[in-house]
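Both backbone and side-chain heavy atoms feed into the values below; hydrogens, waters and symmetry mates do not. Within every chain, numbering begins at 1; the chains are lettered A, B, ... in the order of the sequence lines, protein sequences first and strands thereafter.
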There are 2 protein chains.
Amino acid sequence: MTGVRTQPKARAIADSVHRRIVDRIWRPGDQIPHEAELAVEFGASRATVNKAMQLLADQGLIERRRKAGTRVAINPAVRATLSIPVVREQVEANGQDYHHVVLERIEAIPPREVLDRMGAGDARMVRLQTLHLADDLPFAFEDRWVNPGGAAGLAEADFTGISVNEWLVRYFPYSRGLLEVGSESASPRDARILRVDAGTSLLVLHRTTWNGDVPITDVRVAHAPGYRMRTAF
Amino acid sequence: MTGVRTQPKARAIADSVHRRIVDRIWRPGDQIPHEAELAVEFGASRATVNKAMQLLADQGLIERRRKAGTRVAINPAVRATLSIPVVREQVEANGQDYHHVVLERIEAIPPREVLDRMGAGDARMVRLQTLHLADDLPFAFEDRWVNPGGAAGLAEADFTGISVNEWLVRYFPYSRGLLEVGSESASPRDARILRVDAGTSLLVLHRTTWNGDVPITDVRVAHAPGYRMRTAF
DNA sequence: GAGTGGTCTAGACCACGCT
DNA sequence: GCGTGGTCTAGACCACTCG
């Protein structure tokens, strides 16, 4: 035997239980043994078994309730974690050259829709439109509103060397956010900027972040055709 | 004071550290105190501090390495967990009536592309096309290949009362899967089935699941216009 | 009321990876 | 080498919720 990396015990237990469910030894809706019992079976402490079971519960594979015990989930939802890095890193991870262009930078009161999403009253904010390019081809068009009250130094910041995207992520960690993923037909503006035909189908990400109750930014990112988000689960 | 739910200590510690990062007391790239030190500061055991820090590391907010210690992440990626329930539950959660129609059920050898994704050699599989409806309006069009070798009882199963989607999820837990989210223009077939114009922009989810190395199913779900995936992070 | 999971502690040993 | 995080244990108390 060579190179068999030892696996944490909790992980091994989780895998064992997972396998029993997959192998239909324990079927959806079935109750499975309680932690103390599993601890004895696997020769582990209850804490370790608990950690293992929480892993499975986080995946949605089992459902746990005090007193009622643990059951195999009936209709487990697919739970997949999307990781969305800064655009520059996405491009570079693809082996392409990245650069970006600031198309517009103005100060104004955002449209109702944006204010509503941010939960803000009428307030002047900064609108920054950026085109991200990969090997000089349009990769994503970003249309962003930033609350100056949530990002000190915004007015003085220079976004030629670093994109707003990266500047915000790096200097203004948020405490919570919302993400919407949808599909939209390219508007004439999208089309012109991304250099595609109007009406082309685009993957659009919409993201809003807050620091406590203070809105930081609201951004719509329209990706060039062909872009897909991928994740394993 | 009323109704202030007690919070797990690990969570409270994680929130405190999160706040210090958000408040720029600890900035991106900074090293933060090691676990033993935090344990003393928060009056907790090291195990509890470890749990708290793992929560933050899972969110991508901090990066931890043995010996090197813990640092605030420089360009933290947005990490959001998507939960994708069975289609019926999505529709019903929306307060709408659900039903589905099986459009086609044949046995054949899938196209190269599908076989490649599943990592399967030439093998006969079952193709099931299903239209999911919400209040009698098209909600999603599902085009699925199922490996009979991975789903015993498939040939005998009746999908009028329960959709393949739900049948598989309920009776055949997978061990791993891949998810791709993209945007596509409605093909003539998509358009006819979803009752939209050809070329309409559709959100398309592509999912493949395995049980160990045995492919179970490969499915493309095209959603009716307007559908969005939402998640908080 | 009582059984089950949720959480915490103090202590321990180990694996990794800087230096 | 050696400091730091990764993991495990045995024991304990608590919170929730089912019956």
Side-chain angles (χ1 to χ4, degrees), chain A residues 1-18 20-21 26 28-74 76 79, chain B residues 1-18 20-21 26 28-74 76 79:
Chain A
M1 306 297 240
T2 63
V4 176
R5 282 282 300 284
T6 58
Q7 201 181 200
K9 207 164 179 174
R11 179 56 179 272
I13 294 172
D15 287 348
S16 285
V17 172
H18 191 155
R20 288 183 198 179
I21 292 172
W26 292 328
D30 284 359
Q31 184 152 6
I32 74 181
H34 56 249
E35 293 186 349
E37 201 169 326
L38 292 174
V40 172
E41 183 195 334
F42 287 108
S45 72
R46 218 199 97 200
T48 304
V49 171
N50 181 272
K51 190 171 182 178
M53 301 305 276
Q54 297 222 8
L55 286 172
L56 298 176
D58 287 345
Q59 293 171 27
L61 193 66
I62 59 176
E63 287 169 358
R64 327 190 69 204
R65 265 152 52 208
R66 287 159 149 127
K67 167 72 179 177
T70 301
R71 293 180 174 278
V72 180
I74 301 225
R79 289 194 200 169
Chain B
M1 305 299 233
T2 62
V4 177
R5 282 284 299 282
T6 60
Q7 204 182 198
K9 208 164 180 175
R11 180 55 179 273
I13 294 172
D15 287 349
S16 285
V17 171
H18 192 156
R20 287 183 199 181
I21 292 173
W26 293 329
D30 284 0
Q31 184 153 5
I32 72 181
H34 57 248
E35 293 186 349
E37 201 169 323
L38 291 174
V40 172
E41 184 197 331
F42 288 108
S45 71
R46 218 200 97 200
T48 304
V49 170
N50 180 272
K51 189 171 180 177
M53 302 305 275
Q54 298 223 9
L55 285 173
L56 297 177
D58 286 345
Q59 292 170 28
L61 192 66
I62 60 176
E63 287 169 358
R64 328 191 68 205
R65 266 154 50 208
R66 287 158 147 130
K67 167 75 178 173
T70 301
R71 292 180 174 279
V72 179
I74 301 227
R79 289 194 200 170

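- Put simply, CG on B/Leu55 is 12 Å from P on D/dG6, counting in whole angstrom units.
- Looking at every heavy atom in both residues, B/Ala73 comes nearest to B/Pro28 through O-CB, 3.4 Å.
- Considering only side-chain N and O atoms, B/Asn50 lies under 4.0 angstrom from the phosphate OP1 or OP2 of D/dG6.
- When the nearest nucleotides of DNA chain D are assigned to A/Ala47 and B/Pro33 by heavy-atom distance, the more 5′-ward of the two goes with B/Pro33.
- Separation of atoms CD (A/Gln54) and NZ (B/Lys51) is listed at 5.5 Å; rounding is to 0.5 Å.
- For the pair B/Glu37 (side chain) and B/Ile32 (backbone), a donor-acceptor distance under 3.5 Å is absent.
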Set out, in order, the CA-CA distance, both residues' side-chain angles and the distance that settles side-chain contact (heavy atoms from CB on, under 4.5 Å) for A/His18 and A/Leu55, then state yes or no. CA-CA 10 Å; A/His18 191 155; A/Leu55 286 172; over 6 Å; no
For residues 56-63 of chain A, which side-chain donor-acceptor pairs fall under 3.5 Å, sequence neighbours excluded?
none

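- The side chain of B/Glu35 sits closest to D/dG5 out of D/dG5, D/dC13, D/dT9.
- With hydrogens and angles ignored, the 3.5 Å screen pairs a side-chain donor or acceptor of A/Lys9 with a backbone N or O of A/Gly43.
- Taking 4.5 Å as the limit, some side-chain heavy atom of B/Ile13 sits within range of a side-chain heavy atom of B/Thr48.
- With DNA chain D read from its 5' end, the first of the two nearest nucleotides for B/Arg65 and A/Ala10 is the one closest to B/Arg65.
- Put simply, A/Lys9 has a side-chain N or O that comes within less than 4.0 Å of OP1 or OP2 on D/dT9.
- Following rounding to the nearest Å, B/Glu63 (CD) and D/dG6 (C1') show an atom-to-atom distance of 17 Å.
- With rounding to whole Å, B/Gln31 atom CD is found 8 Å from D/dG5 atom P.
- Close to D/dG5, at under 4.0 Å from its OP1 or OP2, lies a side-chain N or O of B/Thr70.
- Between the CG atom of B/Asn50 and the CZ atom of B/Arg64 there is a distance of 5.5 Å, given to the nearest 0.5 Å.
- The CG-P distance, from A/Leu38 to C/dT4, rounds to 12 Å in whole Å.
- For B/Pro8, counting side-chain heavy atoms from C-beta on, the closest listed nucleotide (C/dT9, D/dT9, C/dC8) is C/dC8.
- At the phosphate of C/dC18, neither OP1 nor OP2 sits under 4.0 Å from any side-chain N or O atom of B/Arg66.
- Listed pair A/Gln54 / C/dT7 meets the phosphate criterion, a side-chain N or O lying under 4.0 Å from OP1 or OP2.
- In this structure, A/Ile32 places its CD1 atom 13 Å from P of C/dT4, rounding to the nearest Å.
- Across the helix from C/dG1-D/dC18 to C/dC18-D/dG1, the helix axis at one end is tilted relative to the axis at the other end by 10° (nearest 10 degrees, each axis from five pairs).
- The interatomic distance linking B/Arg11 (CZ) with C/dC8 (C1') rounds to 17 Å, in whole Å.
- Spacing between atom CE of A/Met53 and atom P of C/dT4 amounts to 13 Å, rounded to whole angstrom units.
- In this structure, B/Thr48 does not reach the C/dT7 phosphate: none of its side-chain N or O atoms is under 4.0 Å from OP1 or OP2.
- Regarding B/Arg46, its CZ atom lies at a distance of 14 Å from the P atom of C/dC14, rounded to whole Å.
- For A/Lys67, counting side-chain heavy atoms from C-beta on, the closest listed nucleotide (D/dG5, D/dG6, D/dT17) is D/dT17.
- Side-chain N/O atoms of B/Arg64 include none lying less than 4.0 angstrom from OP1 or OP2 on D/dT4.
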